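As structure tokens, the structure follows; a few thoughts come after it.
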Amino acid sequence: MKRIKNLTKEQKIKLVMGADFWTNYDLDGQIYKFVVSDGPIGLRQPLDRMTTEQHDCIKSVAYPSFQMLSQTWDAELAYEMGRSLGNDCIEQKVDILLGPGVNIKRLPTNGRNFEYLSEDPYVAGTFAREYIKGVQSKHVGTSLKHFCCNNSEKSRQWMSMEVDERTMREIYLRAFEMACEAHPWTVMCSYNLVNGVRMSENAKLYGVLRNEFGFDGLIVSDWDAVKDSEASLNAGLSLEMPYNAAHQREMLAKADKLDPARLDENAQRVLELADRCEEESKLRKIDMNLEDRRAVALKIEEEGIVLLKNSGVLPLHGGKVFVTGAAAWRYYFGGGSSNVYPEREFEPLEDALRHEGADAEYAESVWEVNGHQANLGNLKGAVLKAAASDYTVLCVGEPCSCEYESADRQQIKLSKEEETAIHALARASEKLIVVVYAGAAIDMSDWVDEADAVVWAGYGGEFVNRAVAEVLTGKVNPSGKLTETFPLSLEDVPSENAYRDEAVMVYSEGLNVGYRYFDSFDVPVLFPFGFGLSYSEFRYGNLTVGKDGENIKVRFEIENVSDIDGKEAAQLYVREITKEVYRPYQELKAFKKVFVKAREKAAVEFVLDRSAFAYYSVAKDRWTVKPGVFEIRVGASVSDIRLTKKIVLN
Ligand code: BGC
């Protein structure tokens, strides 16, 4: 390894600053030059590494969004996705993948919600941890991002997130804490400030990361998140990205005034990371070919699609299927740094349906113009076709010009034109199925009653329509469930109504984020957290709860009382009954997706350790369990609890 003491100040300064958009300074060929790439749902790597331009990017497998990944409720798929992406990285000579993102979906309007996993830290932490393990099993590094409280995009470069300590620990830091168990090689700081301190200079929170969460890697900036290179260096940010000529000039000019110990420490970390990348690169081997990786993308979408409503019309039972709507014939994905350009040709929904044996045809009813604006197409023609068909499948949603990085959504409804088309087609159709292609909660209250079925396709990656067709035809029995609440309207969400101006955002709802609010305060929602339908029907029974040393063992059975094999995502929530400090009504502490054959039963077991019962005591400055009575609540969603049992903890 190159010794830090043999380097000049100038070399050290260059080390802590990127060489271009995607690589480190390699001491003029003396150390390994590592390559980073977005991330996190496929590779986004410009062909020319000196630019961030979206065009001229490499082609990559386009996996479903992180929303779809978590909706599978199968953390093994996060590992598989990571492993598959690790293979993509090896193929493209990428050393570090810029993901996963674990920011909590505090606001339904956050423009980047599609890139994040959940409103619940346990879900986000579990999936991120497995994803990191998967990528790193291929000797490719990850960058856990964006540390932290980057929960909205508006004014992200200068907004200060004002968060109390307990909320910070239980909601906003928890997923990072869990993900750190997988030892990501790097953590990326966020753009925003937290309680007045810029995250690229936040020594206090970096301390939590290193000293309490056991993070032993390198902290890298988000791209252009550093405003004062010296302050960032002193706080412990080791790599400023991308290369910024003005910043480097300033740093070189004040080289003699920089704290030598801080400079050495951070430059040393870059040396170590470069060495690590070099060593690990020798161990890399591709063990999944393109078809294997595409199969992972398809599998995640099949398992992540959520059947939100079904008045008995699905699966399709023969007959003529009329497909319409802009989203049926164009790839919908979120905008910004996670854009992926797939090689595979886009498969329109009618083709995918025909592939599954359905008698499907397409005609337009609504198309989109520059994203935000939709236009009614030949709605009259579509109405006539709908009337002459057995089923109408209307594909609506939000393209990347509605949900993207650096801005938030203005509202969470579909365009007026799409809503108009839904009403018109609902009147004309025998059976109307609405398929929604979007990345975050949509307010469907205007039209949901008129649809016979609603399917959440999300941003499903390159196999989206194959998976949608499989679900519609019944080849795949839907098993995805929501990992974020769909509110009835934006006005119902306390965080959306909390104080914010251009500079400050107050997290005044505290712990009551997502279901923690709706559930604790009995506020009705459109679709609750954890909700999703199946073509099977499941019954829960035989709950036993017992102690096993410090741990609590929970066991129950799920019976498939239908004639169709299916999968059920069972959820375990903990409620403190004898609470002395405020606790949300119940909180998710375990989940598992289980396959249950028709008319058979499957046993599910969870082992809960003390952390499942803890809250963060600000007085003691640590997680604490108060002796008392708790309730174990097992169910199909946060508002569909099937089994409960009380337990006393000493
Ligand atoms: C995003 C990061 C991304 C980086 C590099 C930033 O704008 O916030 O998530 O990894 O760009 O493209």
Side-chain angles (χ1 to χ4, degrees), residues 16-17 98 101-107 109-113 115-116 121 124 143-177 186-213 215 218-242 244 246-247 250 262 266 336-337 405-408 495-511 513 616 618:
V16 298
M17 308 183 105
L98 301 177
V102 292
N103 298 88
I104 294 297
K105 303 187 195 198
R106 171 176 180 256
L107 306 167
T109 49
N110 178 14
R112 263 183 123 169
N113 273 354
E115 281 194 63
Y116 298 138
S143 198
L144 176 63
K145 66 190 189 184
H146 308 90
F147 186 72
C148 63
C149 293
N150 189 178
N151 309 103
S152 51
E153 289 294 287
K154 184 173 184 282
S155 316
R156 65 179 179 176
Q157 296 271 4
W158 56 86
M159 187 82 89
S160 176
M161 308 303 177
E162 304 293 312
V163 196
D164 70 85
E165 180 68 12
R166 182 170 168 208
T167 301
M168 189 71 185
R169 296 290 186 145
E170 291 190 21
I171 307 289
Y172 298 101
L173 287 180
R174 184 67 187 132
F176 286 98
E177 183 174 11
T186 72
V187 165
M188 186 192 293
C189 80
S190 57
Y191 289 113
N192 53 283
L193 292 76
V194 170
N195 296 331
V197 183
R198 194 167 278 292
M199 277 314 301
S200 52
E201 302 166 15
N202 206 316
K204 182 175 163 219
L205 287 172
Y206 293 175
V208 172
L209 196 59
R210 291 205 181 281
N211 308 329
E212 299 181 43
F213 300 173
F215 174 62
L218 168 145
I219 300 174
V220 57
S221 71
D222 197 345
W223 269 229
D224 291 320
V226 170
K227 304 299 167 206
D228 176 339
S229 305
E230 185 182 356
S232 293
L233 183 84
N234 289 339
L237 184 132
S238 304
L239 182 59
E240 172 177 343
M241 288 297 284
N244 179 319
H247 284 193
E250 273 172 37
R262 303 310 303 206
N266 289 302
S337 58
E405 185 181 328
S406 82
D408 291 332
S495 45
E496 291 284 0
N497 305 310
Y499 180 82
R500 68 181 102 163
D501 61 16
E502 289 302 310
V504 173
M505 171 106 87
V506 183
Y507 285 35
S508 49
E509 73 290 347
L511 302 171
V513 177
Y616 193 84
V618 178

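In this text, all values refer to a predicted model and were calculated from it rather than measured experimentally. Along the sequence shown, residues carry numbers from 1.
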Quiz item: For S221, which residues count as a side chain to side chain donor-acceptor pair (under 3.5 Å) partner, sequence neighbours excluded?
Solution: none
Self-check item: Under the side chain to side chain donor-acceptor pair (under 3.5 Å) test, residues paired with E496 that sit two or more places apart
Solution: T109, R500
Quiz item: In chain order, what residues pass the side-chain contact (heavy atoms from CB on, under 4.5 Å) check against A503, with sequence neighbours excluded?
Solution: D501
Quiz prompt | Residues that E153 engages under salt bridge (Lys or Arg N to Asp or Glu O under 4.0 Å), provided they are two or more places apart | solution = R156
Quiz prompt | Results of salt bridge (Lys or Arg N to Asp or Glu O under 4.0 Å) for E250 - residues two or more places apart only | solution = none
Quiz item: Among all residues two or more places apart in sequence or in another chain, which pass the side-chain contact (heavy atoms from CB on, under 4.5 Å) test with A498?
Solution: R106, S508, E509
Exercise. Any salt bridge (charged side-chain N to carboxylate O under 4.0 Å, His left out) involving residues 197-208? Give me the pairs, sequence neighbours left out, ordered by first then second residue.
Key: none
Self-check item: With sequence neighbours excluded, residues passing side chain to side chain donor-acceptor pair (under 3.5 Å) with N211
Solution: none
Exercise. Would you mind listing every side-chain hydrogen bond (donor to acceptor under 3.5 Å, both in side chains) that reaches into residues 226-239, with sequence neighbours excluded?
Key: Q157-K227, S229-E240, S229-H247, E230-K254, S238-N266
Quiz item: Which residue pairs pass the salt bridge (charged side-chain N to carboxylate O under 4.0 Å, His left out) test with at least one member in residues 159-169, sequence neighbours excluded?
Solution: E165-R169, R166-E170, R169-E212
Exercise. Would you list the pairs meeting ring-ring contact (aromatic ring centres under 6.0 Å, His included) in which at least one residue belongs to residues 150-172, sequence neighbours left out?
Key: Y172-Y507
Practice problem: Would you please name every residue forming a side chain to side chain donor-acceptor pair (under 3.5 Å) with N110, sequence neighbours left out? | Solution: N113
